[in-house]
Amino acid sequence: NRQYYYPNKPEEFKHTYMYSVEMMDWMEEEFQVPYPWGKIYRNVPVADFLYGAMENTTSTIFTDYYLKDSREALERTYVGTNAHELTHQWFGDLISEWNGASHWLHESFATHYAKHFERSVFGEDYFQWERNMEMRRAMSADDKNDLPIAHSESGSSRHYPKGSFVIDMLREAAGGDEAYKKVINAYLKKYAFKHVDTHLFQLEFMEVLGLNLDWFFDQWVRKGGYPIFECDYTESTGQVKINISQIHDQSETIGLFKVQMPIQIRFADGTDTLFNASIDSQETTLSISNTLGKSIQYVLFNVNHALYAKIEQEKTTAELLAQALEAKDMIDRYLALAELEDRPLKEKRNILLACFENESFFAPRANIVKQLANDNNSKSQELIMKSLLDNDVRVRRAVVYHLEKVSKKIQPVYENLLLDSSYANIKMTLEKLIEEFPESKEKYLKITHLDAQKNDLLNIAHLSFKAQDDDSFAISDLIDYAGPSFEFRTRIKAIEALTDLAYQGDDFTFLLIDASVNFNRRLAGVASNVLMSIENQDLLIEALEKGDFDKNERKRIEQLKTKLGI
C-alpha cells in the first residue's frame, strides 16, 4: 500500500491510516478473492475535494479533511471511509453495475463490509450502534417516499445504510455467514471484469445454494418501505400469548412482509426463552409454554435490531428498567434507556445509576448522563462529576451538552475540560463557561489559547469571542478563514461566525460571492443564504457584475441573482 500525506504534518499519517494493512488482509480473507490489481493500492488526500472520497481502480482520492492527528481522530477517523473505498476494489471495480438501478451493488456492499471490518477492530457494541444509525438514516428516507433500494433515484440513505442493513438480513436468509460467503465468492469470480445487475446477483443464491430468494429480493430490494409491527403479550395459565400485527400502510410498492423475528421472554428468575417468530400475515399469534408459571420481567421483540423494522409496543417503566439493566445486547439496553427519558426520575434513578456502572460503550452512558445531568439528587450529581472525568470524550461531552447550570461545586472540574484531549470538547466547554461566567472570559481564552492555535474550528470560536470586543485583528482572521485558502467546513464555520457578529464589510461580501459559486453545494448554500440578508444591495449588484467568473460560475451567479430578486 502507498499512503500519502502532507510532509509538513507527519503526525497525521499514523492516525489517518490506522488499520490499513489489517483491512486489506481482512477483505481478502472475507471474499476469498485476492486483491485484483497486483501489489499497488494508494490513498491520496486532495484539497477541496467534491466528495468525502472516491475510489478509482488501484487508487482512492479523499478529501484532506480526513487527515487527522491523534486529537482530531477522537472525533472522526478515516477507518470506515478507508474500508468503504477499499471494498470498491472488488464491488465496483472488479465487478461493476449495469445501470443506476444496480448502484446498490456498489455502495451497499462497500458500506456493509466497512461496517463489518470496523466490527473486527472496534467491537460488537460499535457494530450494533452503527446498525442503529443505519436504520435511523434509512427510515428517514423511507418515510418520505416508497422508492426501493434497486432504483437509480433512491438516494444515498438507501444505497448506503439501508442496503448495508438489508445485506445483514440477507446473510441470515441465506442460511448464515458461511453459506452467504460461498455465494459472494462465486459471484466475484464468475463476474470478474464484467457488469452485473440485481437479477444476476440473486441467481447466484440459486446456483450456489439451491435457494430461491425471490421473496427476499422482492420485499427488501425491489420494493420500498419497511414493516411496522404492533406487538404485545398476555399471560395465562401455563403459557405466554404473543400477538404481532403488521400495521404499516400498504400500497402497490409496500405489502405485507415475510420475516423471522427474534423474540426474547425474560423471566424474573433470570432465565430466558428465545425463539424466532415466523411472520407473513397481517396478524400473528403464538403461544409459548410457561408451565412453571414464571413471572415475566419483559418481552423483547426484534432482539438486537435484527430486522429493518419499527416496533410499537407499550412497556411499563418496570419492563424498561429490567431491559435496560439485563438485556444481552447493548443496543437493546440503549433503546430501553432512550424510552425511559420521559419517565419520572424517582422511578428510574437507582436503576440508571446501576446501568451506568455496568456499561462500557459510550452511547448508554451518555444517555444516562442526559437523564441525570440536572437531577439534584446527590448520587446523580456524583455521577455527573465522575462523568466529567470519563475516559470517553463523548461521555464528557454529554455532560457539557446537557448540564443546564454549572454549579460552584462542579465548576473547577468542569473547567478542566478547557484542557481536554478533544478540541470539540474544549470548544463546547469554552462557549458554555463564557456564557455562564462572562466575567472570566479573558481567563478562559488564555487557558485555551495554545490549543486554539492547533485547531481551526476552536480558533474560530476563539476569534469570535475576541471580535465581540471589536478586535480588528480577530475580524481579519475570521475573514481569512472564510476565504478559499481553507476547506469548505472551515469556511462555513467562519461565515456563520461573521454572520452572528452581524459583520457586513465589503471584504466579507466578496468572499460570500466567491463561496456562493463554489462547486461544493453545502458551502454555496450557506453563502447564498447570507447574501440574501445583506443590506447594501447596490454593492452586492456591483460585485456580482464585476466578478471574474467562468462559464459555470456565471450560470450559478444568474441563479443566485434570481434567488435574490436582483
For this session: State whether a side-chain donor-acceptor pair under 3.5 Å links D329 with H305.
Result: no

Exercise. Looking at L388, V395, L403, which one forms a side chain to side chain contact (heavy atoms under 4.5 Å, CB included) with V369?
Worked result: V395

Exercise. Does any non-hydrogen side-chain atom of T16 lie less than 4.5 Å from one of Y5?
Worked result: no

Exercise. Stepwise, does the salt bridge (Lys or Arg N to Asp or Glu O under 4.0 Å) test hold for R489 with D456?
Worked result: CA-CA 10 Å; R489 294 173 183 82; D456 290 332; over 6 Å; no

Problem set entry | Verdict with supporting geometry, R42 and T58, side chain to side chain contact (heavy atoms under 4.5 Å, CB included) | CA-CA 6 Å; R42 309 171 186 87; T58 75; 3.2 Å; yes

Problem set entry | Distance (rounded to the nearest 0.5 Å) between S152 OG and H159 NE2 | 7.0 Å

For this session: Tell me, with the steps shown, if R119 and E130 meet salt bridge (Lys or Arg N to Asp or Glu O under 4.0 Å).
Result: CA-CA 9 Å; R119 182 190 205 174; E130 283 297 297; over 6 Å; no

Exercise. Can you check salt bridge (Lys or Arg N to Asp or Glu O under 4.0 Å) on K162 and E107, steps first, answer last?
Worked result: CA-CA 10 Å; K162 183 176 181 179; E107 300 303 345; over 6 Å; no

Exercise. Is K446 paired with E442 through a side-chain N to carboxylate O contact shorter than 4.0 Å?
Worked result: no

Problem set entry | S422 and its side-chain hydrogen bond (donor to acceptor under 3.5 Å, both in side chains) partner, picked from R397, R71, R396, E72 | R397

Exercise. Are D480 and R491 within salt-bridge range, i.e. N to O under 4.0 Å?
Worked result: no

Problem set entry | Interatomic distance, T448 atom OG1 to N455 atom CG [nearest 0.5 angstrom] | 11.5 Å

Problem set entry | CA sep, side-chain torsions, deciding dist, call: Y19, F122, ring pair (Phe, Tyr, Trp, His ring centres under 6.0 Å) | CA-CA 11 Å; Y19 302 119; F122 297 137; 5.8 Å; yes

Exercise. Is any side-chain heavy atom of V393 less than 4.5 Å from a side-chain heavy atom of D420?
Worked result: yes

Exercise. From M18 CE over to F13 CZ, what is the distance, rounded to the nearest 0.5 angstrom?
Worked result: 12.5 Å

Exercise. Strictly under 6.0 Å, is that where the ring centroids of Y126 and F361 end up?
Worked result: no

For this session: Determine whether the side chains of Q3 and S20 contain a donor N or O and an acceptor N or O closer than 3.5 Å.
Result: yes

For this session: Decide side chain to side chain contact (heavy atoms under 4.5 Å, CB included) for F465 and I434; before the verdict, give the C-alpha distance in whole Å, the side-chain angles of both, and the deciding distance to 0.1 Å.
Result: CA-CA 9 Å; F465 284 118; I434 291 178; 3.7 Å; yes

Problem set entry | Distance-only polar pair, side chains of Y78 and N43, donor-acceptor under 3.5 Å | yes

Problem set entry | Check against salt bridge (Lys or Arg N to Asp or Glu O under 4.0 Å), E431 and K427 | CA-CA 6 Å; E431 292 169 342; K427 178 178 178 292; 3.0 Å; yes

Problem set entry | Any side-chain heavy-atom pair of K194 and I95 under 4.5 Å | no

For this session: Compare all side-chain heavy atoms of H84 with those of Y160 and state whether any distance is below 4.5 angstrom.
Result: yes

For this session: Give the intermediate values and the outcome of ring pair (Phe, Tyr, Trp, His ring centres under 6.0 Å) for residues Y334 and W129.
Result: CA-CA 9 Å; Y334 169 81; W129 184 248; 4.9 Å; yes

Problem set entry | Separation of L353 CG from K379 NZ (nearest 0.5 Å) | 7.0 Å

Exercise. Does the side chain of L445 reach to within under 4.5 Å of the side chain of K441, using non-hydrogen atoms?
Worked result: yes

Exercise. With no hydrogens and no angle check, do the side chains of Y423 and E75 hold a donor and an acceptor under 3.5 Å apart?
Worked result: no

Exercise. Parallel under 30°, tilted from 30 to 60°, perpendicular over 60°: which one fits the rings of F109 and W104?
Worked result: tilted

Exercise. Hey, are the side chains of N302 and P262 touching, using non-hydrogen atoms and a 4.5 Å cut-off?
Worked result: yes

For this session: Given side chain to side chain donor-acceptor pair (under 3.5 Å), test T60 with Y41 step by step and report yes or no.
Result: CA-CA 8 Å; T60 287; Y41 178 67; 2.7 Å; yes

Exercise. Using 30° and 60° as the class limits, which term best fits the ring planes of F49 and Y51: parallel, tilted or perpendicular?
Worked result: perpendicular

Exercise. Going through the checks in order, is the ring pair (Phe, Tyr, Trp, His ring centres under 6.0 Å) test met by F91 and Y113?
Worked result: CA-CA 10 Å; F91 295 88; Y113 284 110; 5.5 Å; yes

Problem set entry | Separation of K181 NZ from E29 CD (nearest 0.5 Å) | 7.0 Å

Exercise. Does the side chain of E28 reach to within under 4.5 Å of the side chain of W90, using non-hydrogen atoms?
Worked result: yes

For this session: Apply the test ring pair (Phe, Tyr, Trp, His ring centres under 6.0 Å) to residues Y191 and W98: give CA-CA distance (whole Å), side-chain angles for both, the deciding distance (0.1 Å), then the verdict.
Result: CA-CA 12 Å; Y191 294 106; W98 269 112; 10.0 Å; no

Problem set entry | Sub-4.5 Å side-chain heavy-atom contact between Y308 and V166 | no

Exercise. Do F437 and Y414 have ring centres separated by under 6.0 Å?
Worked result: no

For this session: Determine, stepwise, if the pair L337 / I368 fulfils side chain to side chain contact (heavy atoms under 4.5 Å, CB included).
Result: CA-CA 7 Å; L337 288 168; I368 293 167; 4.0 Å; yes

For this session: Calculate, to the nearest 0.5 Å, the distance between atoms CG and CD1 belonging to L511 and I495 respectively.
Result: 8.0 Å

Exercise. Using the ring of each side chain (for Trp, its six-membered ring), is H462 parallel, tilted or perpendicular to H449, with breaks at 30° and 60°?
Worked result: tilted

Exercise. Between N367 and Q371, does any side-chain donor sit less than 3.5 Å from a side-chain acceptor?
Worked result: yes

Exercise. Taking atom types as modelled, is there a side-chain donor on N459 or Y481 under 3.5 Å from an acceptor on the other?
Worked result: yes

For this session: State which residue, out of D125, D392, D390, fulfils the salt bridge (Lys or Arg N to Asp or Glu O under 4.0 Å) condition with R365.
Result: D390

Exercise. Are E487 and T490 linked by a side-chain donor-acceptor pair shorter than 3.5 Å?
Worked result: yes

